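Here is the structure we will look at, set down as structure tokens.
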Amino acid sequence: MSRNDSGAASAVNVHATHGGEHVSPDAPATVFPRPLPRARLRGAPDAAARGIGMRGYDLWNDYEVAWLDMHERPQIAVLEIVIPCDSPFTLEMSDARRYLSTLRELRFESAQALEAHVAGALTHCLKSYVLVRATPVRQAVRATCGGEPDAVSLDTEPVGVVRGGVQASLLRIVHDAGGAGIAGNGGNAGNADPGLATLFHERLSSDLLSSRCPLTGGIDLGTLWIDYTGARICRQTLLAYVLSFRDSEMFHEQCVETVFIDLLAQCAPTRLTVGARFTRRHGLDINPVRSTHAISIRNVRTVRQ
């Protein structure tokens with residue numbers, strides 16, 4: 001699993017260890033996080049209700065997970081948690097922080113035992129198989145990039161702030177009715193019509209994605225990336241659409257699913273993957289990915305993470 005379908009390198013082979021868990025006999029009883037129903041994140045008709053096949057995952061990074069070894073020496077690691085997008089339940093960030101903080105007073109024989117413990121607890125409460133990897137900080141190698149590899153930034157397009165909430169009607173494709181190649185981002189923008197457009201592959205990104213947390217009202221910031229094959233999407237109207245999230249209250253996962261569903265509905269690409277790398281809160285970041293096809297798990301952090 002070293003490359004994804006678009007050819008991007010540096011995939012993460014995240015795993016959960018079965019067995020080998022050793023928690024001290026006098027450890028406190030296991031505390032489970034409170035599961036958050038995914039239906040609460042989706043609100044309006046979701047992908048399943050619209051008959052859209054959606055694959056993907058939510059990749060959580062915890063940079064502050066701590067525990068004790070069997071000699072009560074403090075240990076610290078970076079913890080990666082992968083939750084499938086079709087799980088009936090997921091986590092809420094502040095509650096996840098509370099749960100992961102309880103590990104600080106537990107004793108484990110190894111980082112692999114910690115992985116097994118967390119994977120078992122989350123699989124139990126989320127009713128879906130959860131993948132976990134713990135990498136001790138002294139062994140962790142930080143792989144970062146300025147943005148998604150090979151992605152073209154939308155952020156130089158001359159577009160101002162869009163008020164009033166998410167506006168899917170802004171999305172357009174660039175028509176190529178004459179069959180000639182499209183230079184730059186010119187051409188006439190319109191709604192999707194596969195019969196009037198040249199199909200090709202493109203990878204786009206924007207660092208201007210922002211929304212508000214539905215629970216706290218706090219501002220969430222992220223880097224959005226879009227990988228699609230189909231009629232060319234107008235970059236200017238796509239950036240205007242991304243900016244329309246600014247006044248909306250959405251969970252991270254909901255933002256990515258909304259972009260994914262709206263692009264399929266308005267622009268009809270034959271293949272589509274949408275992901276976002278959100279900045280850190282409570283020592284955690286959440287990085288959802290949604291796709292029309294199977295993809296590998298990647299964990300390349302942006303410079304803002």
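What you see is a predicted model, and the numbers here were worked out from it, not measured in a lab.
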Closest non-hydrogen atom pair, [X] against [Y]:
X: Ile83; Y: Val130; result: CG1-CG1, 4.4 Å
X: Leu239; Y: Leu154; result: CD2-O, 3.2 Å
X: Pro35; Y: Leu126; result: CB-CD2, 4.1 Å
X: Cys267; Y: Ile173; result: CB-CG2, 3.8 Å
X: Ser244; Y: Gln167; result: OG-N, 3.2 Å
X: Leu209; Y: Ala276; result: CD2-CB, 4.2 Å

Tell me whether [X] shares a hydrophobic cluster with [Y], the cluster being built from Ile, Leu, Val, Met, Phe, Trp, Tyr side chains joined at under 4.5 Å.
X: Leu100; Y: Phe89; value: yes
X: Val289; Y: Tyr129; value: yes
X: Met70; Y: Leu68; value: no
X: Ile219; Y: Ile286; value: no
X: Leu221; Y: Leu208; value: no

With the side chain counted from C-beta on, respond yes when [X] and [Y] share a heavy-atom pair under 4.5 Å apart, and no when they do not.
X: His252; Y: Asp220; result: yes
X: Val159; Y: Val242; result: no
X: Leu264; Y: Pro269; result: yes
X: Tyr241; Y: Val166; result: yes
X: Arg163; Y: Arg246; result: yes
X: Gln236; Y: Leu170; result: no

Within the distance-only criterion (no hydrogens, no angle test), does the side chain of [X] pair as donor or acceptor with the backbone N or O of [Y] below 3.5 angstrom?
X: Arg172; Y: Ser169; value: yes
X: Ser248; Y: Met250; value: no
X: Glu115; Y: Ala134; value: yes
X: Thr216; Y: Cys213; value: no
X: Ser291; Y: Gly56; value: no
X: Thr123; Y: Gly120; value: no
X: Arg232; Y: Phe200; value: no

**Study point:** Residue that, paired with Pro288, satisfies side-chain contact (heavy atoms from CB on, under 4.5 Å) out of Tyr57, Trp60, Phe278
**Key:** Phe278
Review point. Above 12 or not: heavy atoms from other molecules or residues under 6.0 Å from CZ of Arg281?
Key: yes
Exercise for review: Name all residues meeting the side chain to side chain contact (heavy atoms under 4.5 Å, CB included) criterion together with Gln75; count only those two or more places apart in sequence or in a different chain, and write none if there are none.
Suggested key: Trp67, Asp69, Arg73, Arg138
Review point. When you look at Asp62 and Leu284, which way does the side chain to side chain contact (heavy atoms under 4.5 Å, CB included) test go after all the steps?
Key: CA-CA 5 Å; Asp62 179 6; Leu284 299 163; 3.3 Å; yes
Exercise for review: Decide side chain to side chain contact (heavy atoms under 4.5 Å, CB included) for Phe251 and Leu215; before the verdict, give the C-alpha distance in whole Å, the side-chain angles of both, and the deciding distance to 0.1 Å.
Suggested key: CA-CA 9 Å; Phe251 293 97; Leu215 301 179; 4.1 Å; yes
How long is the span from the [atom1] atom in [X] to the [atom2] atom in [Y], to the nearest 0.5 Å?
X: His293; Y: Thr270; atom1: NE2; atom2: OG1; result: 9.5 Å
X: Glu253; Y: Thr90; atom1: CD; atom2: OG1; result: 5.0 Å
X: Arg277; Y: Asp207; atom1: CZ; atom2: CG; result: 12.5 Å
X: Trp225; Y: Asn287; atom1: CH2; atom2: CG; result: 10.5 Å
X: Arg133; Y: Glu80; atom1: CZ; atom2: CD; result: 4.0 Å
X: Ile261; Y: Met54; atom1: CD1; atom2: CE; result: 6.0 Å

Check your understanding: Thinking salt bridges, do Arg38 and Asp86 make one under a 4.0 Å N-O criterion?
Key -> no
**Study point:** Ion pair check, Asp155 and Arg235, cut-off under 4.0 Å
**Key:** no
Check your understanding: Residues two or more places apart in sequence or in another chain: which of them pass salt bridge (Lys or Arg N to Asp or Glu O under 4.0 Å) with Asp95?
Key -> Arg34, Arg98
Practice item. Begin with the C-alpha distance, continue with both residues' side-chain angles, and end with the deciding distance and a verdict on side chain to side chain contact (heavy atoms under 4.5 Å, CB included) for Tyr99 and Leu91. Key: CA-CA 10 Å; Tyr99 162 68; Leu91 301 171; over 6 Å; no
Exercise for review: Going by the side-chain hydrogen bond (donor to acceptor under 3.5 Å, both in side chains) test, name the single residue among Glu202, Arg203, Arg271, His201 that passes it with Tyr228.
Suggested key: Glu202
Practice item. Kindly determine whether Ile226 and Leu272 satisfy side chain to side chain contact (heavy atoms under 4.5 Å, CB included), including the steps that lead there. Key: CA-CA 7 Å; Ile226 298 164; Leu272 175 66; 3.9 Å; yes
